[in-house]
Every structure is written in structure tokens, then in C-alpha cells.
There are 2 protein chains.
Amino acid sequence: MGRPEMSAEDNLLRLVEAEDGDENNYHLQDQVGFILRKAHQRHVSIFASHIGDLTPPQFAALAKLYDIGETSQNQLGTLIAMDAATVKGVIDRLKARGLVEVSKHEVDKRRLLVNLTPEGREAIERLIPLARAITEETLAPLTAKETATFLRLLAKLA
Amino acid sequence: MGRPEMSAEDNLLRLVEAEDGDENNYHLQDQVGFILRKAHQRHVSIFASHIGDLTPPQFAALAKLYDIGETSQNQLGTLIAMDAATVKGVIDRLKARGLVEVSKHEVDKRRLLVNLTPEGREAIERLIPLARAITEETLAPLTAKETATFLRLLAKLA
DNA sequence: CTGATATCATTTGCATACGAATGAATTTGA
DNA sequence: TCAAATTCATTCGTATGCAAATGATATCAG
């Protein structure tokens with residue numbers, strides 16, 4: 001019995017049984033984008049379980065203002081990786097809660113300066129220890145060595 | 001700067017602590033959550049540059065349906081990591097474009113079955129090669145060895 | 001000096017993403 | 001068996017996230 005070519009059944013069997021190589025099948029769950037999205041989801045969930053009254057983007061805005069002090073809304077957006085439309089919404093909500101205040105730039109009238117209020121400063125100082133715990137819990141599945149490797153490689157992709 | 005002014009004592013404290021790895025300063029840009037968010041943003045941007053008429057979640061839904069065939073909306077959501085409210089919106093939009101069709105489960109009347117249309121099947125078969133290119137471009141900053149390490153560690157976090 | 005360009009902020013529209021509440025249908029368990 | 005619990009889907013509200021268009025202001029080039 002010769003085997004001049006693979007039958008349709010053989011092809012099906014090969015696809016079903018293949019465990020490595022398997023270059024003809026597309027597995028969503030192995031794609032970096034899909035896993036990245038899930039890892040991000042998990043982190044946001046951990047964040048919410050520790051800090052329920054602030055979102056990660058809101059926290060990022062407060063933390064950066066605490067770090068660098070007053071800056072323009074646009075510059076803040078650049079520093080925390082948000083486009084102009086997104087950062088406006090985040091600042092509007094922080095402003096409504098009295099955690100930041102805005103003022104017009106005296107010289108360049110296009111700019112909107114943003115800064116922490118005393119309440120905002122108090123909030124971020126209180127939350128930073130929780131943020132450390134969030135980072136720790138997010139990275140808990142990795143050993144210390146794996147964490148260092150992971151952060152190094154992740155930074156290369158970001 | 002965290003404070004409007006800094007005393008000599010504060011500066012001394014900072015210098016002493018700096019020798020110990022600066023553990024009292026919180027740097028947003030070093031936090032895993034922030035970098036994860038940026039890496040995800042970059043991936044979505046790469047995705048959009050290759051596949052302009054479909055979002056990553058929409059692609060995920062089509063790819064999973066192509067992989068497993070007809071399933072319930074809820075089960076599909078579980079497989080592609082979307083809650084019920086989110087998956088409904090995604091399926092509604094794919095349905096409006098004729099890429100999927102829905103039907104009622106004959107036995108369990110709560111379930112909404114979702115399946116690819118011929119157009120949907122054609123679309124996902126056409127797009128999968130592009131998705132491979134997206135994955136490749138996303139991982140381009142890493143060597144092959146780094147990619148393997150990164151995906152292994154990322155999967156542990158997801 | 002002035003027209004072209006660039007920057008900053010806002011607005012609109014669309015698409016995730018998720019908590020919470022609701023209703024319909026099914027399954028469980030005493 | 002039948003009331004309680006669970007599951008599936010939908011809806012509502014809130015919050016990113018980004019593209020595109022717009023208006024105000026600032027900068028640049030000739």
C-alpha cells in the first residue's frame with residue numbers, strides 16, 4: 001500500500017493531534033495581544049480590590065502630579081500615556097471630587113494648568129502604600145528573579 | 001516634588017535612603033500596572049495599523065468562533081475573557097455587519113447561540129495571516145529567546 | 001509683519017470594560 | 001415536588017481610549 005499523499009482524514013488527524021509546531025492553526029489564547037489584555041484585566045481587578053474609589057488612570061494622574069507638581073493638562077497626558085480627550089475626562093472627574101484644581105497659564109493662554117489640592121495630596125500619600133501592595137499582588141505568581149526579567153522585557157514592549 | 005519645599009533633614013533622609021535602592025519613592029513609570037497598560041496600548045495601535053476595520057475584541061470573537069464553531073454568547077464571552085455586557089456589544093456589532101448570526105437554543109431557552117456567517121468565515125480566514133504579522137510586530141523588540149521567556153511569564157500573570 | 005503651521009484644549013462619536021439590577025429559564029436540594 | 005439558588009441574557013450607568021473635527025492661541029518663515 002503506497003502513500004502518494006496525505007488523505008483528508010490524515011490532515012484532520014494531524015491538526016487535531018499536533019502539539020508542537022502546529023503552524024497551521026491559529027490559537028487566540030497563545031497570542032501576545034490576547035494574553036496582554038487578560039493580564040491587564042487581572043491587574044485592574046486587583047487594583048479595584050485594594051482601591052475601590054479611584055481607577056488606575058485617576059491614580060496615575062494623582063501620582064504623577066505628586067511626583068512633578070503643577071503641569072499642563074496636555075503634558076500630564078503625555079507623562080501618563082493618555083491622549084488629550086482621555087486625560088480631559090480623567091481630570092474633570094478628579095476636579096469634581098476636589099482632588100485636583102485647574103488654572104489658566106498666565107503666559108500661554110492655550111494651556112490649562114493642573115495641580116493637586118491639599119485633599120488630593122492627602123489622598124495620594126494615603127494610597128501609595130496600597131499601590132505597592134497592588135504591584136506586589138499582581139506580580140505574586142512570579143519569583144523575584146522572574147519579576148525582574150518580566151519587567152525588563154515588558155518595558156521593551158511598552 | 002511631593003512637597004512645596006524640602007527641609008535639610010528631608011534631603012538627608014532621601015540621600016540615605018537612595019543608597020538602599022530608593023524604596024521610599026514611588027515611580028509610576030516603574031509599576032507593572034502602568035507598563036502593562038502602555039504595552040497593551042502599543043499592541044492595540046499595531047493591531048489597528050494592520051486591521052483597520054475590526055477591533056481586537058471583535059477579531060477575538062471571530063477567531064474563537066472559527067476555532068470552536070457555534071456556541072452560546074455567554075460561553076464565547078468566557079473563552080475570550082469578556083463579561084456578559086461587553087460580549088453582547090461586540091456580538092451586536094458583528095451581527096450588524098453580517099459576520100455572525102444568532103439563534104435561540106432549542107433546549108435551553110435562556111441561551112443565545114452565535115455562529116459565523118459565510119462572510120464571517122471568509123473574513124477571519126483572510127485576517128489570520130495579518131494577525132500573525134501583528135503578533136510578530138508586537139514582539140519585534142524582543143529576541144526569539146526573550147519572546148519565549150516573556151510569553152511564559154506573561155501567561156503566569158494572566 | 002503676516003500668512004502658514006503647530007500646539008493646546010474641547011467636543012463628538014464609537015467601542016470596550018465592568019458593576020449592579022432585572023427578568024426569564026433552568027437546576028438544585030430538602 | 002417545589003421553593004431557593006443558579007445561569008443566561010439584557011439594560012443602565014460610569015469610565016477609559018482613540019480618531020477626527022473645531023476653535024483659540026502661539027510660533028515660524030519669508
Side-chain angles (χ1 to χ4, degrees), chain A residues 33-34 36-49 51-62 71-97 99-100 102-114, chain B residues 33-34 36-49 51-62 71-97 99-100 102-114:
Chain A
F34 183 71
L36 218 39
R37 175 168 150 271
K38 287 210 297 176
H40 181 246
Q41 282 177 350
R42 172 171 168 271
H43 167 75
V44 172
S45 171
I46 291 170
F47 187 100
S49 74
I51 300 179
D53 62 341
L54 221 55
T55 65
Q58 289 167 2
F59 175 86
L62 294 184
T71 187
S72 74
Q73 189 172 278
N74 192 275
Q75 173 67 7
L76 179 62
T78 299
L79 293 171
I80 59 181
M82 284 176 215
D83 71 9
T86 300
V87 77
K88 183 190 189 306
V90 172
I91 293 305
D92 279 352
R93 285 180 283 277
L94 291 175
K95 188 173 52 179
R97 293 175 53 177
L99 299 176
V100 304
V102 303
S103 58
K104 290 182 180 174
H105 193 288
E106 288 301 318
V107 177
D108 187 339
K109 294 177 182 173
R110 295 169 305 179
R111 297 189 198 176
L112 190 67
L113 294 175
V114 187
Chain B
F34 183 72
L36 217 38
R37 175 168 151 273
K38 287 211 300 177
H40 182 246
Q41 281 177 352
R42 173 170 168 272
H43 167 75
V44 171
S45 171
I46 290 170
F47 187 101
S49 73
I51 299 179
D53 62 343
L54 222 53
T55 65
Q58 288 167 1
F59 175 86
L62 294 184
T71 189
S72 74
Q73 189 173 277
N74 192 275
Q75 173 66 8
L76 179 62
T78 299
L79 294 170
I80 60 181
M82 284 177 215
D83 72 9
T86 301
V87 77
K88 186 191 188 305
V90 172
I91 293 304
D92 279 353
R93 284 179 284 276
L94 291 174
K95 188 172 52 179
R97 293 175 53 177
L99 299 176
V100 305
V102 303
S103 57
K104 291 181 180 173
H105 192 287
E106 288 300 320
V107 177
D108 188 340
K109 294 177 183 173
R110 295 170 304 180
R111 297 190 198 173
L112 190 66
L113 294 174
V114 187

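Each chain gets a letter, A, B and so on, in the order its sequence line appears, and its residues count up from 1.
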> Can you tell me the distance, in whole Å, between the NE2 atom of B:His43 and the C1' atom of C:dT16?
14 Å
> Distance from A:Leu76 atom CG to A:Leu62 atom CG, nearest 0.5 Å?
9.5 Å
> Give me the atom names and distance for the closest heavy-atom approach of A:Asp53 to A:Arg97.
O-NH1, 2.6 Å
> On DNA chain C, compare the nucleotides closest to B:Lys109 and A:Leu113; which residue's is nearer the 5' end?
A:Leu113
> So, using side chain to side chain contact (heavy atoms under 4.5 Å, CB included) as the criterion, who are the partners of B:Gln73 when residues are at least two apart?
B:Val87, B:Lys88, B:Ile91, B:Leu112, B:Val114
> With respect to the phosphate group of C:dA17, does any side-chain polar atom (N or O) of A:Arg37 fall under 4.0 Å of OP1 or OP2?
yes
> Report yes or no: does A:Arg93 contribute a side-chain atom to a donor-acceptor pair with the main-chain N or O of A:Gln58 at less than 3.5 Å?
no
> Do any side-chain nitrogens or oxygens of B:Arg93 fall under 4.0 Å of OP1 or OP2 in C:dT16?
yes
> Base, sugar-phosphate alone, or nothing: which one does B:Ser72 contact when heavy atoms must sit under 4.0 Å apart?
sugar-phosphate
> So, is A:Gln73 near the phosphate of C:dT10, with a side-chain N or O under 4.0 Å from OP1 or OP2?
yes
> Distance from A:Asn74 atom CG to A:Met82 atom CE, nearest 0.5 Å?
13.0 Å
> To the nearest 10°, give me the bend of the helix from C:dC1-D:dG30 to C:dA30-D:dT1, comparing the axes of its five terminal pairs at either end.
20°
> Kindly compute the distance separating NZ (A:Lys38) from CD1 (B:Ile80), expressed to the nearest 0.5 Å.
11.5 Å
> Write down the distance between CG (A:Asn74) and P (C:dA9), rounded to a whole number of angstrom.
5 Å
> Please find the pair of heavy atoms, one from B:Val90 and one from B:Pro57, that lie closest to each other, and give the distance.
CG1-O, 4.0 Å
> Over all strands shown, is B:Val102 touching base, sugar-phosphate only, or nothing at heavy-atom distances under 4.0 angstrom?
nothing
> Once side chain to side chain donor-acceptor pair (under 3.5 Å) is applied, do any residues pair with B:Asp108, and if so which ones, sequence neighbours excluded?
B:Arg110, B:Arg111
> In this structure, how many angstroms lie between the P atom of C:dA9 and the CG atom of A:Asp108, rounded?
8 Å
> Identify, between A:Glu106 and A:Thr55, the residue whose nearest nucleotide on DNA chain D lies closer to the 5' end.
A:Thr55
> Indicate yes or no for a side-chain donor-acceptor contact from B:Arg37 to the backbone of A:Ala81 under 3.5 Å, with no hydrogens or angles considered.
yes
> Can you give me the first and the last nucleotide of DNA chain D (5' to 3') that has an atom within less than 4.0 angstrom of a non-hydrogen atom in chain A?
D:dA15 to D:dA26
> Can you list everything that forms a ring-ring contact (aromatic ring centres under 6.0 Å, His included) with A:Phe34? Sequence neighbours excluded, please.
none
> In residues 82-92 of chain A, what residues come within less than 4.0 Å of DNA chain D, judged by heavy atoms?
A:Asp83, A:Ala85, A:Thr86, A:Val90
> Hey, which sits more toward the 5' end of DNA chain D by its nearest nucleotide, A:Pro57 or A:Val107?
A:Pro57
> Let me know the distance between CD of B:Gln58 and P of C:dA15, rounded to the nearest Å.
7 Å
> Within this structure, what is the CZ-to-P distance between A:Phe47 and C:dC18, rounded to whole angstrom?
15 Å
> Taking all non-hydrogen atoms of both residues, which atom of B:Ala61 and which atom of B:Leu94 are closest, and how far apart?
CB-CD1, 3.8 Å
> Can you classify the ring geometry of A:His40 versus B:His40 as parallel (below 30°), tilted (30 to 60°) or perpendicular (above 60°)?
parallel
